[in-house]
Number of protein chains: 2
Amino acid sequence: MAHNPLSLDLLRALDAIDQRGSFAAAAEALHKVPSALTYTVQKVEQDLGIDLFDRSGHRAKMTPAARLILEEGRGILRDIDNLASSAKKIASGWEPELRIGVDTVFEPARLYPLVHEFNEAHPYIKVHLVHGSLSGTWEMLINGDADLILSTDLLDPKIDGYETRRFGEMSMVFAVAKNHPLASNACDWTHEEIEAYPTIVVRDSSKLMAPRTIGWTRQNKLITVPTMRDKIEAQLAGLGVGYLPRHRIQAELDSGALVQVKLNETNPPSEAVIAWRTGVTGKALGWFRERIDAEVLGV
Amino acid sequence: MAHNPLSLDLLRALDAIDQRGSFAAAAEALHKVPSALTYTVQKVEQDLGIDLFDRSGHRAKMTPAARLILEEGRGILRDIDNLASSAKKIASGWEPELRIGVDTVFEPARLYPLVHEFNEAHPYIKVHLVHGSLSGTWEMLINGDADLILSTDLLDPKIDGYETRRFGEMSMVFAVAKNHPLASNACDWTHEEIEAYPTIVVRDSSKLMAPRTIGWTRQNKLITVPTMRDKIEAQLAGLGVGYLPRHRIQAELDSGALVQVKLNETNPPSEAVIAWRTGVTGKALGWFRERIDAEVLGV
DNA sequence: TCTACATTTCAAAAAAACTGAACCTTTATG
DNA sequence: CATAAAGGTTCAGTTTTTTTGAAATGTAGA
């Protein structure tokens with residue numbers, strides 16, 4: 001079986017003929033002589049067995065088939081151009097794909113504008129966003145399932161082989177739904193009173209490492225949910241209580257849907273960090289390392 | 001500015017090398033000699049200024065850049081193949097695009113499976129579905145805004161220049177919402193009693209032709225809506241009464257949400273027809289003419 | 001009719017692609 | 001460890017494809 005007779009040269013020729021309006025003008029634009037264009041076109045017409053131009057009149061007019069090839073061909077030419085430049089990028093240190101692990105404390109949608117911008121600039125570099133929670137997010141990095149993670153320094157597992165950079169501060173607030181019994185008094189609840197209500201906790205997505213527990217541990221009345229979003233919704237519904245990252249619930253605090261309860265224990269604010277494996281130096285990784293900032297927290 | 005150095009030959013070469021596992025085997029598959037492949041590859045490497053293969057080991061190994069070109073290139077080769085075969089189709093009588101006018105008496109979603117099937121078989125032939133109502137649907141055909149229409153023979157405007165084929169029968173039922181006063185008695189309402197309630201009518205989408213009126217005319221209490229779907233919803237909400245095509249409301253009649261009211265006047269069932277301009281003989285048009293059957297009515 | 005384009009034809013020339021034999025290298029094998 | 005087998009490249013020569021320029025053809029408009 002022979003080759004497909006369509007050549008990129010033909011696509012470029014059709015494009016030039018359409019833009020310049022004539023074989024002669026197109027030939028000049030392509031640094032060729034008109035008869036060369038005639039040759040290119042006739043060759044494909046013969047191989048494909050169809051007419052590309054209607055030569056009955058004075059000037060050659062494209063047939064519908066040629067017009068289809070023209071229109072779709074432009075997309076193909078664009079793809080080929082993108083592909084060539086992307087290949088060069090990859091050869092010069094841009095990764096073919098980048099996997100970003102995002103801890104559930106962050107609103108995933110906050111990253112989309114950044115990913116979108118990256119994708120416009122580098123159409124052939126695939127960005128994967130994978131989600132994790134607590135030490136599970138770190139595990140993705142250690143296991144090589146992610147090239148870059150957004151997480152917190154809270155449970156830094158003291159394994160070396162990676163580097164971190166801080167990009168924001170997260171204060172955790174103990175919050176309850178507005179109808180919750182604890183909401184009636186802004187302060188002064190004892191531990192025993194608080195322990196009367198279930199605590200919502202996010203389940204650690206780690207498969208291998210010892211799951212860490214968040215905040216202070218109470219054995220009784222734990223309700224575990226898979227993501228921070230679920231935890232927020234559970235607490236909004238009054239199902240239980242617990243610490244939530246302020247940046248995720250600012251709107252609910254402002255509207256009064258959630259109420260902050262002040263406890264006498266103090267939670268030092270934890271750090272939002274990005275982390276990557278040492279020695280890994282791709283340019284896409286570098287791009288995101290540079291660009292991830294407090295914006296991702298929504299502040 | 002020179003050409004993009006990426007050639008379809010290179011894409012085919014990379015594909016063969018990947019599939020066969022070696023330059024030698026790939027060369028054989030391409031009816032070439034290994035050194036010809038070396039030539040093709042080296043030429044692009046030189047023009048593009050990047051390495052496509054790592055030749056440090058025994059066997060040449062693709063670089064990440066080559067792998068990207070391979071993977072994306074496969075899609076481009078597929079596109080080129082589709083494009084060539086579509087161009088041949090068009091040259092042999094398949095239209096580049098087909099515009100189908102669908103009257104609002106039909107459920108548009110009923111056509112989707114057919115359009116989907118067509119699209120799989122003819123990826124580069126664009127199908128446009130445009131909507132109309134009453135004589136407006138016919139107008140699309142007469143004006144040349146549609147190549148094929150699905151309509152009813154009810155208001156056949158006696159203009160020649162088109163042909164029709166019947167593909168189903170539509171019985172119109174006078175229906176009201178289950179809470180509507182007229183629903184309490186299955187029969188025996190007088191015209192005066194019925195005229196106490198507003199009639200919902202679909203507005204004719206025609207711009208030029210004289211709008212036709214559906215069924216018997218009553219000047220008072222007319223509520224016009226743009227589509228049959230709106231009319232059904234309006235009558236479901238009890239806003240008014242009127243004839244509805246049985247095939248669109250069978251589920252509502254079965255569930256009791258709508259109730260048929262029998263009147264002593266008889267409405268002869270109208271015909272569901274397709275129509276096209278005489279002398280227009282594209283194969284895509286023919287395909288749909290053959291394939292549109294009672295299925296579109298949902299029976 | 002004459003002129004100005006627009007395109008094609010054709011033979012020759014240039015460029016690109018292909019071939020086959022010789023030649024490295026690395027892996028497999030007795 | 002010597003030898004064979006296989007993968008890939010180099011290179012000079014050959015074939016094929018593409019380009020060129022001059023002449024020919026044909027159409028539209030003055």
Side-chain angles (χ1 to χ4, degrees), chain A residues 1-63 65-67 70 80 84, chain B residues 1-63 65-67 69-70 77 80 84:
Chain A
M1 183 187 63
H3 269 181
N4 187 318
L6 249 34
S7 66
L8 296 181
D9 270 354
L10 178 80
L11 302 187
R12 284 187 267 259
L14 288 184
D15 180 53
I17 291 168
D18 181 63
Q19 284 196 5
R20 307 306 178 108
S22 76
F23 275 50
E28 183 175 321
L30 295 173
H31 309 295
K32 289 183 182 177
V33 109
S35 57
L37 272 194
T38 299
Y39 169 82
T40 303
V41 170
Q42 286 184 345
K43 183 171 189 315
V44 175
E45 287 183 310
Q46 190 169 327
D47 293 350
L48 210 51
I50 69 177
D51 281 353
L52 260 19
F53 286 86
D54 169 14
R55 290 146 170 108
S56 65
H58 177 37
R59 324 169 53 97
K61 195 73 202 118
M62 283 196 200
T63 61
R67 200 147 286 283
L70 168 68
I80 286 267
Chain B
M1 183 187 62
H3 269 181
N4 187 318
L6 250 33
S7 65
L8 296 180
D9 271 354
L10 177 80
L11 301 186
R12 285 188 266 260
L14 288 183
D15 180 54
I17 292 169
D18 182 63
Q19 283 195 7
R20 307 308 176 108
S22 76
F23 274 51
E28 184 174 319
L30 295 173
H31 309 296
K32 289 183 182 177
V33 109
S35 57
L37 272 194
T38 300
Y39 169 81
T40 302
V41 170
Q42 285 184 345
K43 183 170 188 320
V44 176
E45 286 183 311
Q46 190 169 328
D47 293 351
L48 209 51
I50 68 176
D51 281 352
L52 260 18
F53 286 87
D54 170 15
R55 289 143 171 112
S56 64
H58 176 37
R59 322 168 56 95
K61 196 73 202 116
M62 282 196 200
T63 60
R67 200 147 285 284
I69 295 174
L70 168 67
L77 290 176
I80 286 268

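So that the names make sense, note that chain A is the first sequence line, chain B the second, and so on, each numbered from 1. Only this structure's heavy atoms are used, side chains among them; waters, hydrogens and symmetry mates stay out.
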Inset, instruction - Could you tell me whether the side chain of A:T63 and the main chain of A:A66 form a donor-acceptor pair under 3.5 Å? - result: yes
Inset, instruction - Check the pair B:R12 / A:H3 against side-chain contact (heavy atoms from CB on, under 4.5 Å), numbers first and verdict last. - result: CA-CA 10 Å; B:R12 285 188 266 260; A:H3 269 181; 3.5 Å; yes
Legend entry - Overall bend - the helix from C:dT1-D:dA30 to C:dG30-D:dC1, comparing terminal axes fitted on five pairs, nearest 10 degrees: 30°
Inset, instruction - Could you encode protein contacts along nucleotides 24-30 of chain C as a string, one character per nucleotide from 5' to 3', using B for base contact, S for sugar-phosphate-only contact and - for no contact, with a heavy-atom cut-off of under 4.0 Å? - result: --BS---
Inset, instruction - Under 4.0 Å from any atom of DNA chain D, heavy atoms only: list the residues of residues 10-18 of chain B that qualify, in numerical order. - result: none
Legend entry - Distance in angstrom units between B:L30 CG and C:dA17 P, rounded: 15 Å
Legend entry - Nearest-angstrom distance from the residue atom CG of B:L52 to P of D:dG8: 14 Å
Legend entry - Heavy-atom closest contact (A:L11 atom, B:I80 atom, distance): CD1-CD1, 4.1 Å
Legend entry - Where protein sits on nucleotides 9-25 of chain D, one letter per nucleotide: B base, S sugar-phosphate only, - none, heavy atoms under 4.0 Å: BB------SBBBB----
Inset, instruction - Determine which pairs satisfy salt bridge (Lys or Arg N to Asp or Glu O under 4.0 Å) with at least one residue from residues 25-44 of chain A, sequence neighbours left out, and list them in order. - result: A:K43-A:D47
Inset, instruction - Taking the side chain as every heavy atom from C-beta outward, state whether A:L8 and B:N4 have any atom pair closer than 4.5 Å. - result: no
Legend entry - Closest approach of A:V44 to A:L6 (non-hydrogen atoms, all atoms of both residues): CG1-CD1, 4.0 Å
Inset, instruction - Scan side-chain atoms only and decide if B:D9 and B:S7 contain a donor-acceptor pair under the 3.5 Å cut-off. - result: no
Inset, instruction - Using whole Å, report how far NE2 of B:H3 lies from C1' of C:dA15. - result: 15 Å
All N/O donor-acceptor pairs, side-chain side in residues 14-23 of chain B, below 3.5 Å, sequence neighbours left out:
residue, atom, partner, partner atom, Å
B:D15, OD1, B:R74, NE, 2.6
B:D15, OD1, B:R74, NH2, 2.9
B:D18, OD2, B:R74, NH2, 2.8
B:S22, OG, B:A24, N, 3.4
B:S22, OG, B:A25, N, 3.0

Legend entry - Shortest non-hydrogen contact from B:A27 toward B:L37: N-CD1, 3.6 Å
Legend entry - Shortest non-hydrogen contact from A:F53 toward A:E45: N-OE2, 3.2 Å
Inset, instruction - Please state how far atom NZ in A:K61 lies from atom P in C:dT7, giving the value in whole angstrom units. - result: 10 Å
Legend entry - B:M62 and B:L52, any side-chain heavy atoms less than 4.5 Å apart: no
Inset, instruction - Calculate the interatomic distance between A:D54 atom CG and C:dT8 atom P; express it in whole Å. - result: 11 Å
